[in-house]
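Quick notes on the structure that follows.
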Amino acid sequence: MSEQPRAIDCLVNVHFGENEQPAWMVRTRDDYFKGPDSMFEPADMSALLDEMDANGVTKAVLMDNLVKPSVTARKFVDARPDRFALAMGGVNLLRPVPALRELSAVVNDLPVVYAVVGPSFWGDGQYPPSDAVYYPLYAKCAELDLPLCVNTGIPGPPIPGEVQHPIHLDRVCVRFPELRLCMIHGADPWWDVAIRMLIKYRNLRLMTSAWSPKRLPESLLHFMRTRGADKIIFASDWPVLRMSRVVPEALALDLPPDVLDKYLYRNAADFFFAERGAVPEQES
């Protein structure tokens, strides 16, 4: 590895400052994340690029939404397509046909590298990912060869969390083996279940977004050092966690240089940025 490590930050929120945040988000910032007031200020592209450059982050994936498109995210992508790409949420799973037509059109027009859904964050947390309401989205993402990210682990906001147990993805992986699927925001407190699932399914990954690397469990680090080197993907959830914090923490982990490079860069490059239709690189 070179002196300056390379990284791809796979989950960045530049849209927080576009609108006033709901009360539950403010409570989550204050009570759960203990974050500063600046977390919800408008994002400045120059400052973000400076932070990326200082930490070797070559690309950042910006959260976007079909229902409420992020003006900021699309402006950043338009200005610097070499540095920014999009992740697309907001698919209406209760009216999937028009929503998935729109998703297909957006994927054709914009640099969308994955779709995203948070089971706790819609439908009053009623629908686990094994529910058939998700099946049109799974089928469309598999058809487009578009990776899909699904929140796993108990969420920070005060909303139901059981639907984000990773075991709900077991049936999904069986029924949609062609689907590139990634658990995001870790899997706490079900890390061991998530690891077992990662061992079991070739097209499943886990992203450590919103997790301080120094807080990752030893069981996950052991998995990364052994048979899971190709399975774990880095992200910050900026500005919840700043790149200036999480990249140095990642560099301080007890990981071999090749495993660290895969975690910070290569796994994301292979899984999210490979040409559509290409087979993702698999562990040997």
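Note that the numbering runs from 1 along the sequence shown for the chain.
No salt bridge links D109 with R74; every basic N to acidic carboxylate O contact stays at or beyond 4.0 Å.
Atom CG of D270 is separated from atom OH of Y265 by 9.0 Å, given to the nearest 0.5 angstrom. Separation of atoms OG (S70) and CG (L62) is listed at 7.5 Å; rounding is to 0.5 Å. Put simply, NE2 on H165 and OG on S130 are 11.5 Å apart, with the number rounded to the nearest 0.5 Å. If you take OH on Y114 and CZ on F273, they are separated by 9.0 Å, rounding to the nearest 0.5 Å. Distance OG1/T72 to CD/E18: 3.5 Å, rounded to 0.5 Å. Taking CE from M45 and NZ from K75, the interatomic distance works out to 7.0 Å, rounded to the nearest 0.5 Å.
Q126 places a side-chain N or O within 3.5 Å of a backbone atom of G123 that can act as its donor or acceptor partner. Side-chain N or O atoms of N267 include none that pairs as donor or acceptor with a backbone N or O of I233 at under 3.5 Å. The backbone N or O of I154 sits nowhere less than 3.5 Å from a side-chain atom of Q164 that would complete a donor-acceptor pair. Of the possible polar contacts, none joining the N55 side chain to the V57 backbone as a donor-acceptor pair under 3.5 Å is found. Between the side chain of D261 and the main chain of P257, no donor-acceptor pair closer than 3.5 Å is present. Between the R205 side chain and the R202 main chain, a donor and an acceptor come within less than 3.5 Å of each other.
Taking hydrophobic clusters as Ile, Leu, Val, Met, Phe, Trp and Tyr residues chained together by side-chain heavy-atom distances below 4.5 Å, V174 shares a cluster with L169. No single ILVMFWY cluster, assembled from side-chain heavy atoms under 4.5 Å apart, contains both V163 and L181. Connection of V97 to Y127 is not established within any shared hydrophobic cluster, with ILVMFWY side chains joined at heavy-atom distances below 4.5 Å, either directly or through further cluster members. Cluster membership for I199 and I232, using ILVMFWY side-chain heavy atoms within less than 4.5 angstrom, is shared.
For the residue pair A60 and V12, the shortest heavy atom distance occurs at CB-CG2, 3.9 Å. Taking all atoms of both residues into account, the shortest heavy-atom contact from P213 to Y263 is CG-OH, 4.3 Å. Listed here is the closest heavy atom pair of C10 and V61: O-CB, 3.4 Å. Among all heavy-atom pairs drawn from G186 and T152, the shortest one is O-OG1, 2.7 Å. Contact record, I167 with V193: N-CG1, 4.1 Å, taken as the closest heavy-atom pair. Scanning both residues, R6 and T58, for their nearest heavy atoms gives CB-CG2, 4.5 Å.
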Passes side chain to side chain contact (heavy atoms under 4.5 Å, CB included), R175 versus Y138? Steps please. CA-CA 10 Å; R175 292 174 176 169; Y138 298 152; over 6 Å; no

Please walk me through it: do F271 and C182 pass side chain to side chain contact (heavy atoms under 4.5 Å, CB included)? CA-CA 9 Å; F271 198 68; C182 183; 4.1 Å; yes

Going through the distances and angles, do D64 and M88 end up as a side chain to side chain contact (heavy atoms under 4.5 Å, CB included)? CA-CA 5 Å; D64 199 359; M88 195 61 59; 3.5 Å; yes

Walk me through it: do L206 and W191 pass the test side chain to side chain contact (heavy atoms under 4.5 Å, CB included)? CA-CA 10 Å; L206 182 143; W191 294 103; 4.2 Å; yes

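Around the CZ atom of R225, the shell of radius 6.0 Å holds more than 12 heavy atoms that belong to other residues, nucleotides or ligands.
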Can I get a per-line list of side-chain donor-acceptor pairs under 3.5 Å for residues 235-255, giving both atom names and the distance, sequence neighbours left out?
residue, atom, partner, partner atom, Å
S236, OG, D9, OD1, 3.3
S236, OG, D9, OD2, 2.6
S236, OG, W238, N, 2.8
D237, OD1, N13, ND2, 2.7
W238, NE1, E51, OE1, 3.1
R245, NE, E249, OE2, 3.1
R245, NH2, S212, OG, 3.4
E249, OE1, S212, OG, 2.4
E249, OE1, K214, N, 3.3
E249, OE2, S212, OG, 3.4

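Using cut-offs of 30° and 60° on the angle between ring planes, the pair F84 and F76 is tilted.
Residues V67 and N92 fail the side-chain proximity criterion, which asks for heavy atoms closer than 4.5 Å. In this structure, the side chains of V91 and V117 stay at 4.5 Å or more apart for every pair of heavy atoms. A heavy-atom distance below 4.5 Å is not found between the side chains of N203 and F176. You'll find the side chain of D145 reaches within 4.5 Å of the side chain of R180, heavy atoms only. M207 is listed as a side-chain neighbour of F272, based on a closest heavy-atom distance under 4.5 Å. Between L137 and L100, the closest side-chain pair of non-hydrogen atoms falls below 4.5 Å. Using a 4.5 Å cut-off on side-chain heavy atoms (C-beta onward), F121 and I159 make contact. P5 is not listed as a side-chain neighbour of L260, based on a closest heavy-atom distance of 4.5 Å or more.
In this model, a donor atom of one side chain and an acceptor atom of the other lie less than 3.5 Å apart for S209 and H185.
Within the structure, salt bridge (charged side-chain N to carboxylate O under 4.0 Å, His left out) pairs that include any residue of residues 152-174 comprise D170-K200 (at least two apart or interchain).
None of P166, C149, P129 except one satisfies the side chain to side chain contact (heavy atoms under 4.5 Å, CB included) rule with M183; the exception is P166. Of the options P157, P155, P128, a side chain to side chain contact (heavy atoms under 4.5 Å, CB included) to S120 is made by P155 and by none of the others.
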